[in-house]
Participant: 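Got a structure for you, questions after.
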Amino acid sequence: MGVNTNIEESRDRRVGLIYDEGMCKHSCTDDNRHPESPNRIRAIWKKLQYSGVTNRCLILNAKEARDKDIELVHTKGHINLIKQISSEKFSRRKRTLEEFNSIYFNEGSSEAAYLAAGSVIEVAEKVAEGELDSAFAIVRPPGHHAEEDEPMGFCLFNNVGIATSYLLDERVDLGIKKILIVDWDVHHGNGTQKMFWKDPRVLFFSVHRHESGSFYPDGEDGSHVMIGEGPGAGYNINVPWENAGCDDADYLAVWDNILVPIAKEFCPDLIMISAGFDAAIGDPLGECCVTPYGYSMMLHKVRDELSAFWPTLAEKLPKKVTMKRNPYIQEAMLVQTRSQCKQEVSSGRKIVRWTTKHFSNTTGEQ
């Protein structure tokens with residue numbers, strides 16, 4: 001997450017981190033090997049501590065989101081469901097689960113959901129106010145699948161959606177008028193897309209496995225033809241992979257030929273990244289092959305080519321990858337398998353070609 005301040009880069013970086021053990025209270029009691037587990041963020045936090053990164057950043061205190069802020073993107077019925085679910089009896093929670101897709105609840109779900117949403121608001125606000133140059137919110141449950149009135153895909157509240165609407169609608173005094181959301185999770189961010197479908201203030205960009213709508217969350221929402229509607233036409237960009245196995249070269253080609261040129265034209269005041277890492281090499285669900293170096297380059301291109309001001313934790317990114325498999329990323333995602341991602345090129349792979357000319361023509365704005 002970073003904000004366009006047009007200030008010359010300095011060696012003194014103000015990078016924020018936020019993490020809270022309260023978000024680890026949300027867990028799946030029926031499956032201790034569930035991929036969305038507390039260990040996912042604990043591993044990230046421990047690695048940051050062990051490497052000394054936490055000593056070089058400003059550590060922020062997590063805060064629970066307020067209902068009025070969540071209401072910017074979710075219905076009152078949805079909010080009440082998440083607020084009350086943890087106080088319900090086990091049998092009642094079990095029955096509620098049957099109404100939704102890929103969701104679990106326990107006694108800690110409500111607190112965790114409110115902390116996750118509030119934490120993303122907190123770091124976004126600090127960056128927008130200029131107190132931080134950038135920030136990383138280590139939160140769960142995740143959010144990009146959660147829709148206006150429905151939790152799904154492990155997501156309870158749409159954390160990035162809430163924070164984006166909060167800055168645009170509640171903190172207009174900060175002067176944030178345009179926000180770019182980059183969603184590089186291997187699954188399509190259906191919830192975030194729908195929240196800003198008609199909003200030209202938000203450019204939503206998602207690269208994900210789609211496979212003709214057969215890959216989760218299924219359906220045509222993740223298709224390249226879904227470009228937004230009304231004033232938001234042209235501000236929704238999907239790059240759908242039609243097969244597994246996509247690697248660094250695939251993602252960086254999308255960055256160079258689609259994301260960066262269009263985002264430069266959009267010229268956002270602030271950038272949000274929905275940074276799911278399940279396209280990483282070795283992930284058993286994503287089945288793609290993005291390396292740690294690939295992720296670093298994806299962020300590097302956002303930093304250097306979209307935002308010359310983007311702060312970094314190191315002077316330079318690594319020039320080469322010393323390990324094809326990064327155990328820390330695997331730890332963070334709680335990968336349980338050692339199987340390697342197949343390194344094969346599919347002749348059926350498709351890349352959507354989307355140019356800045358198309359962007360200008362569909363939006364009617366520069």
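By convention here, the first residue in the shown sequence is residue 1. Being a predicted model, the structure only gives us computed values, none of them experimental.
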Participant: Might you confirm whether atom CG of Asn61 has over 12 heavy atoms from other residues, nucleotides or ligands at distances under 6.0 Å?
Facilitator: no

Participant: Residues in side chain to side chain contact (heavy atoms under 4.5 Å, CB included) with Met298, at least two apart?
Facilitator: Trp184, Tyr251, Leu252, Trp255, Val290, Tyr295

Participant: If the condition is side chain to side chain contact (heavy atoms under 4.5 Å, CB included), which residues does Lys198 pass it with, not counting sequence neighbours?
Facilitator: Glu229

Participant: With no hydrogens and no angle check, is any side-chain donor or acceptor of Asp250 less than 3.5 Å from a backbone partner on Asp247?
Facilitator: yes

Participant: What's the spacing between Thr75 OG1 and Glu147 CD if we round to 0.5 Å?
Facilitator: 11.5 Å

Participant: I'd like to check the side-chain hydrogen bond (donor to acceptor under 3.5 Å, both in side chains) partners of His188; sequence neighbours left out, ordered by chain and number.
Facilitator: Gln193, Asn238

Participant: Tell me, please, which residues at least two apart from Asp149 pass side-chain hydrogen bond (donor to acceptor under 3.5 Å, both in side chains).
Facilitator: none

Participant: Output all residues satisfying side-chain hydrogen bond (donor to acceptor under 3.5 Å, both in side chains) with Trp45, sequence neighbours left out; order by chain, then residue number.
Facilitator: none

Participant: Taking all atoms of both residues into account, what is the closest heavy-atom pair of Ser165 and Val73, and its distance?
Facilitator: OG-CG1, 3.3 Å

Participant: Side chains of Met272 and Asn159: closer than 4.5 Å at any heavy-atom pair?
Facilitator: no

Participant: Measuring from atom OG of Ser109 to atom NZ of Lys25, what distance do you get when rounded to the nearest 0.5 angstrom?
Facilitator: 11.5 Å

Participant: Taking all non-hydrogen atoms of both residues, which atom of Pro240 and which atom of Gly222 are closest, and how far apart?
Facilitator: CB-O, 3.6 Å

Participant: Measure the shortest side-chain to side-chain distance between Glu88 and Thr96 over non-hydrogen atoms and say whether it is less than 4.5 angstrom.
Facilitator: no

Participant: Could you tell me whether the side chain of Asp248 and the main chain of Thr291 form a donor-acceptor pair under 3.5 Å?
Facilitator: yes

Participant: I want to check something: taking the side chain as every heavy atom from C-beta on, are Leu259 and Lys301 in contact at a cut-off of under 4.5 Å?
Facilitator: no

Participant: Spell out, yes or no, whether Ile59 and Val139 are grouped together once hydrophobic residues are joined by side-chain heavy atoms under 4.5 Å, including indirect joins.
Facilitator: yes

Participant: Which pairs, with at least one residue in residues 208-225 and sequence neighbours excluded, count as a salt bridge (charged side-chain N to carboxylate O under 4.0 Å, His left out)?
Facilitator: Lys194-Asp221, Arg209-Glu211, Arg209-Glu287

Participant: Would you mind checking if Lys126 and Glu131 are paired as a salt bridge, meaning a charged N to carboxylate O distance below 4.0 Å?
Facilitator: yes

Participant: To check you understand the geometry: which heavy-atom pair defines the closest contact between Asn236 and Phe204, and what is its length?
Facilitator: OD1-CD2, 3.3 Å

Participant: Does the side chain of Leu58 come within less than 4.5 Å of Arg14's, by heavy atoms?
Facilitator: no

Participant: For the residue pair Leu180 and Ala263, what are the closest heavy atoms and their distance?
Facilitator: CD2-CB, 3.9 Å

Participant: Test of understanding: with side-chain hydrogen bond (donor to acceptor under 3.5 Å, both in side chains), list the residues that count as partners of Glu21, not counting sequence neighbours.
Facilitator: Tyr19, Arg42

Participant: What closest approach, in Å, do Asn158 and Ala146 show between heavy atoms, and which atom pair accounts for it?
Facilitator: ND2-O, 3.1 Å

Participant: Just so I know, are the side chains of Arg140 and Pro38 near enough to count as touching, which here means a heavy-atom distance under 4.5 Å?
Facilitator: yes

Participant: Is it true that a side-chain atom of Asp183 and a backbone atom of Phe205 form a donor plus acceptor pair closer than 3.5 Å?
Facilitator: no

Participant: Got a sec, which pairs hit salt bridge (charged side-chain N to carboxylate O under 4.0 Å, His left out) with one end in residues 68-81, sequence neighbours left out?
Facilitator: Arg66-Asp69

Participant: With the side chain counted from C-beta on, respond yes when Phe154 and Ser102 share a heavy-atom pair under 4.5 Å apart, and no when they do not.
Facilitator: yes

Participant: In Å, rounded to the nearest 0.5 Å, how long is the span from CD of Glu107 to OG1 of Thr29?
Facilitator: 7.5 Å

Participant: Working to the nearest 0.5 Å, report the span between CD of Glu265 and CD1 of Ile262.
Facilitator: 8.0 Å

Participant: Report the distance from atom CD1 of Ile162 to atom CD1 of Ile70, rounding to the nearest 0.5 Å.
Facilitator: 5.0 Å

Participant: Who passes ring-ring contact (aromatic ring centres under 6.0 Å, His included) against Phe215, sequence neighbours left out?
Facilitator: His187

Participant: Partners of Asn80 by side chain to side chain contact (heavy atoms under 4.5 Å, CB included), sequence neighbours excluded?
Facilitator: Gln84

Participant: Looking at side-chain heavy atoms only, is the closest gap between Val207 and Trp241 below 4.5 Å?
Facilitator: yes

Participant: Determine, using the 4.5 Å side-chain heavy-atom cutoff (strictly less than), whether Leu270 and Val172 are members of one ILVMFWY cluster.
Facilitator: no

Participant: Taking atom types as modelled, is there a side-chain donor on Asp185 or Ser274 under 3.5 Å from an acceptor on the other?
Facilitator: no

Participant: Report the C-alpha distance between Val202 and Tyr235 in whole Å, list the side-chain angles of each, state the deciding distance to 0.1 Å, and finish with yes or no for side-chain contact (heavy atoms from CB on, under 4.5 Å).
Facilitator: CA-CA 7 Å; Val202 178; Tyr235 291 91; over 6 Å; no

Participant: Can you measure from CD1 (Ile181) to OG1 (Thr192) and round to the nearest 0.5 angstrom?
Facilitator: 6.0 Å

Participant: Counting N and O atoms only, with roles assigned by atom type, does the side chain of His145 sit under 3.5 Å from a partner on the main chain of Gly191, one being a donor and the other an acceptor?
Facilitator: no

Participant: Residues sharing Met152's hydrophobic cluster, by side-chain heavy-atom contacts under 4.5 Å among ILVMFWY, directly or via others?
Facilitator: Tyr216

Participant: Check whether any side-chain heavy atom of His210 sits under 4.5 Å from a side-chain heavy atom of His224, and report yes or no.
Facilitator: no

Participant: Can you give the donor-acceptor pairs under 3.5 Å from side chains of residues 112-123 to other protein atoms, not counting sequence neighbours?
Facilitator:
{"from": "Tyr114", "atom 1": "OH", "to": "Asp67", "atom 2": "OD1", "distance (Å)": "2.7"}
{"from": "Ser119", "atom 1": "OG", "to": "Leu115", "atom 2": "O", "distance (Å)": "2.7"}

Participant: Answer yes when Lys178 and Asp269 have at least one side-chain N-carboxylate O distance shorter than 4.0 Å, and no when they do not.
Facilitator: no

Participant: If hydrophobic clusters are built by linking Ile, Leu, Val, Met, Phe, Trp and Tyr wherever their side-chain heavy atoms come under 4.5 Å apart, do Tyr166 and Leu60 end up in the same one?
Facilitator: yes

